[in-house]
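Read the structure below first, then the notes.
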Amino acid sequence: MFLAELRTSVTELKGVGPSIAKAYASLGIYSYKDLLAHIPRTYEDRQHPVTLAQLHREPCSAYVIVEVIAHEYIGHGSKRTLKVIVSDETAVASLLCFGRNFLERMLTVGRHFHLYGTFSRHFGELQCSTFEVEPRHQAAEPKQFGLLLPVYGLASGLTQKTLRRDITHVLEQSCPYLEEELPEELISRHRLLSYPTALQQIHFPSDFAQMHLALKTLSYTELFYLQTAMLRRAAVRREQKRSAHLSRAVNDHTSFSEPDTLAGRLVSSLPFSLTADQETVLAEIEQDLSQPYPMNRLLQGDVGSGKTLTGFISILPIIESGGQAAFMAPTELLAKQHAESAARFLEPLGVRIALLTGSVSARQRKLLIAALASGELDLVIGTHALFSDDVRFRDLRYVIIDEQQRFGVAQRISLMQKGISPHQLLMTATPIPRTMALTVFGDLDISTIRTMPPGRMPVITHLASEKSRDRVYHAVRVEFERGHQAYFVYPRIEASTDSELRDAQSMYEYLRTQQYPDRKGGLIHSRISEDEKISIMHQFRDGALDYLVSTSVVEVGVDVANATCMIIEHAERFGLSALHQLRGRVGRDAHQSYAFLIYSNELQEDGKKRLKVMKESHDGFVIAEQDLLIRGPGELSGKRQSGYLALMFADIIRDLALMKSAREDARMILDTDQSLLKAEYAPIRALLTRCPPFDDGFIE
Ligand code: ADP
Ligand code: MG
């Protein structure tokens with residue numbers, strides 16, 4: 001039996017009734033497996049007793065062995081509190097038994113006890129008011145001392161005692177039946193514990209070394225299967241689709257650099273040359289297109305690094321050989337913008353392009369859909385409207401998804417299914433940290449554009465406290481005078497009584513009437529209709545508006561080269577990646593651009609550290625990694641990670657090195673031991689159900 005198969009309900013445990021079961025459920029614990037996976041938050045070190053005289057730095061928690069010397073009382077009547085004087089020959093301490101006067105009978109004078117408690121000094125007296133004791137017997141070993149005691153994360157209705165009791169029971173009942181999860185070879189190579197021992201030791205370790213080894217064993221095992229599942233999924237996907245793909249009449253293989261191809265013609269007609277990174281990415285895609293299975297590639301690069309153009313070029317061989325392509329964007333605004341650049345770049349080559357969004361009229365839509373189905377269109381650019389059932393293609397062979405993280409898996413699948421295993425290129429300006437990429441996107445090939453097209457100056461970033469906001473307004477005024485434009489971003493749309501935060505609506509009024517009465521501004525946020533948004537954006541782009549006040553809706557993709565200022569208020573409220581995205585709205589041309597991050601006067605050290613990262617780095621990847629690091633893995637294992645994958649033991653930051661060796665091992669083992677490929681192998685099965693079905697919902 002494997003850990004994943006311990007599905008017995010916690011209610012089977014003696015002492016677990018409905019109320020405790022409910023408390024467990026609030027922690028996500030339902031089964032024996034869940035209990036074992038609830039590993040301690042920390043441990044009380046009760047291994048070796050120290051002496052009272054050794055307690056110099058208080059408050060401190062310590063294990064001591066003491067003899068009861070005397071009883072005293074403080075206070076009178078019903079409020080009197082027992083004070084037990086204890087000693088261990090090095091020093092004397094007082095145990096304050098608030099509400100626990102009954103201890104008088106147990107803590108009798110002359111007896112010796114093991115004691116674990118938190119000590120502090122008051123008026124020169126060493127005192128302890130929270131403690132646990134166990135009588136000392138010469139003949140027998142203590143039960144709760146001489147060990148590391150687990151301390152668990154709790155929910156209301158649960159105590160440490162309950163958890164220790166229940167986990168002990170589960171370990172006793174299950175460990176004898178638990179099988180080894182890893183091949184023997186890996187256990188010995190990495191000097192790991194046997195799996196059941198690791199589970200024992202993570203909960204009730206013999207010492208810290210064993211505890212660390214247990215954690216390594218559990219994490220490594222989990223990562224190994226995660227990587228195995230990923231590699232395996234990729235292998236099966238390739239196998240399955242190879243046949244469908246091979247039967248296709250036309251070969252998509254082509255070289256982007258050959259001058260007489262569509263791609264070659266586009267590249268040579270550009271007023272600039274491609275960056276080295278763009279060329280590398282195209283070479284990678286070229287390689288993919290020549291394989292007998294479909295491409296599944298993620299293209300990441302900062303806003304403005306030239307992803308969209310690269311994507312357009314990569315489509316051309318498909319179109320040249322008679323196939324169709326779909327380009328999907330998360331918002332109407334972006335889809336429109338992409339359609340405009342497609343028209344500029346691709347129409348001169350004879351590519352037939354259409355834009356399909358929710359606001360296309362019914363009549364137009366009908367014509368458009370018919371043209372797609374008959375093959376009169378080569379490329380359709382659109383929003384969610386593309387998923388619609390009645391949208392059919394004659395031969396959809398290539399799908400590009402911009403800002404892929406904004407789409408659900410099901411949505412991507414529904415588009416992919418409109419073709420016969422089409423190539424897929426996902427694009428994102430929110431880089432996936434390497435750690436994350438290895439964990440979750442193990443079966444996806446990744447291309448990266450790191451360098452910006454030449455001639456762009458890095459955005460100068462200023463951190464400004466609330467107090468110096470007037471200087472910010474002044475700096476913006478200077479930019480207006482130079483004929484440039486600005487964005488103002490706020491965390492909320494309108495004023496609210498329960499919040500001090502500045503909001504877009506009120507600040508728009510303020511800027512319009514107080515700061516820049518002689519300038520024209522626009523207000524844009526999620527409650528404004530798409531039509532109006534687009535019209536405001538167009539005015540801004542055409543220079544009819546000097547500034548745009550918004551919530552973070554401008555975050556994705558808009559491209560206005562003349563805008564040189566990005567002012568973000570309450571910057572500490574935004575994630576670093578979001579700030580980086582917002583900052584990417586400016587600095588899109590040869591003008592020097594500026595970002596002003598205004599933070600609250602009460603900002604804490606940690607928050608300042610985060611904003612400093614923004615000032616010092618312009619590299620989206622560095623920023624994403626820092627964001628993870630500063631937030632810490634704690635948050636990661638909760639909210640942040642939940643969208644991707646819930647790991648039981650491993651931590652993708654702490655265990656990066658382990659993950660790399662797990663990946664290599666998985667590769668090697670898969671080459672030699674095909675039995676691991678079996679989907680019914682329980683550790684794999686358990687993981688597959690938790691892995692995001694990333695590309696095509698493939699879980700068999
Ligand atoms: P992204 O999709 O990564 O945000 P785009 O492809 O939209 O970036 O490119 C941003 C701008 O830079 C566009 O105006 C595009 O025409 C231009 N551009 C793209 N590649 C280059 C290049 N190699 N040299 C100069 N300008 C480029
Ligand atoms: Mg883009």
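Both ligands and their constituent atoms are indexed starting at 1 by order of listing. Atom set for the values below is all heavy atoms of this structure, side chains included, hydrogens, waters and symmetry mates excluded.
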Using heavy atoms and a threshold below 4.0 Å, how should the contact between [X] and ligand 1 be classified: side chain, backbone, both, or neither?
{"X": "Leu274", "result": "backbone"}
{"X": "Ala429", "result": "neither"}
{"X": "Gln278", "result": "side chain"}
{"X": "Phe345", "result": "side chain"}
{"X": "Ile449", "result": "neither"}
{"X": "Arg456", "result": "side chain"}

field: Per-atom contacts of ligand 1 with Thr275, taking only distances under 4.0 Å to non-hydrogen atoms
entry: 23 (N)

field: Residue Ser273 vicinity, atoms of ligand 1 by number, heavy atom under 4.0 Å
entry: 22 (C), 23 (N), 24 (N)

- prompt: Are any of the N or O atoms of Pro453 closer than 3.5 Å to those of ligand 1?
  reply: no

- request: Flag Gly304 as yes when one of its N or O atoms lies below 3.5 Å from any N or O atom of ligand 1, and as no otherwise.
  value: yes

query: Is a donor on one side and an acceptor on the other found under 3.5 Å between the side chain of Arg583 and the backbone of Met614?
result: yes

query: Can any side-chain N or O of Gln424 pair as donor or acceptor with the backbone N or O of Val399 at less than 3.5 Å?
result: no

query: Is any NZ, NE, NH1 or NH2 atom of the basic residue among Arg527 and Glu494 found under 4.0 Å from an Asp or Glu carboxylate oxygen of the other?
result: yes

- prompt: For residues Ser321 and Arg397, is any side-chain donor paired with an opposing acceptor at under 3.5 Å?
  reply: yes

statement: Heavy atoms of Gly358 and Thr383 approach each other most closely as N-OG1, 4.0 Å

Parallel, tilted or perpendicular, as decided by the 30° and 60° cut-offs, for the rings of Phe387 and His384: perpendicular

- request: Please state whether the rings of Phe312 and Phe327 are parallel, tilted or perpendicular, taking 30° and 60° as the class boundaries.
  value: tilted

field: Options Leu270, Asp302, Leu309, ranked by nearest heavy atom to atom 6 (O) of ligand 1, top entry
entry: Leu309

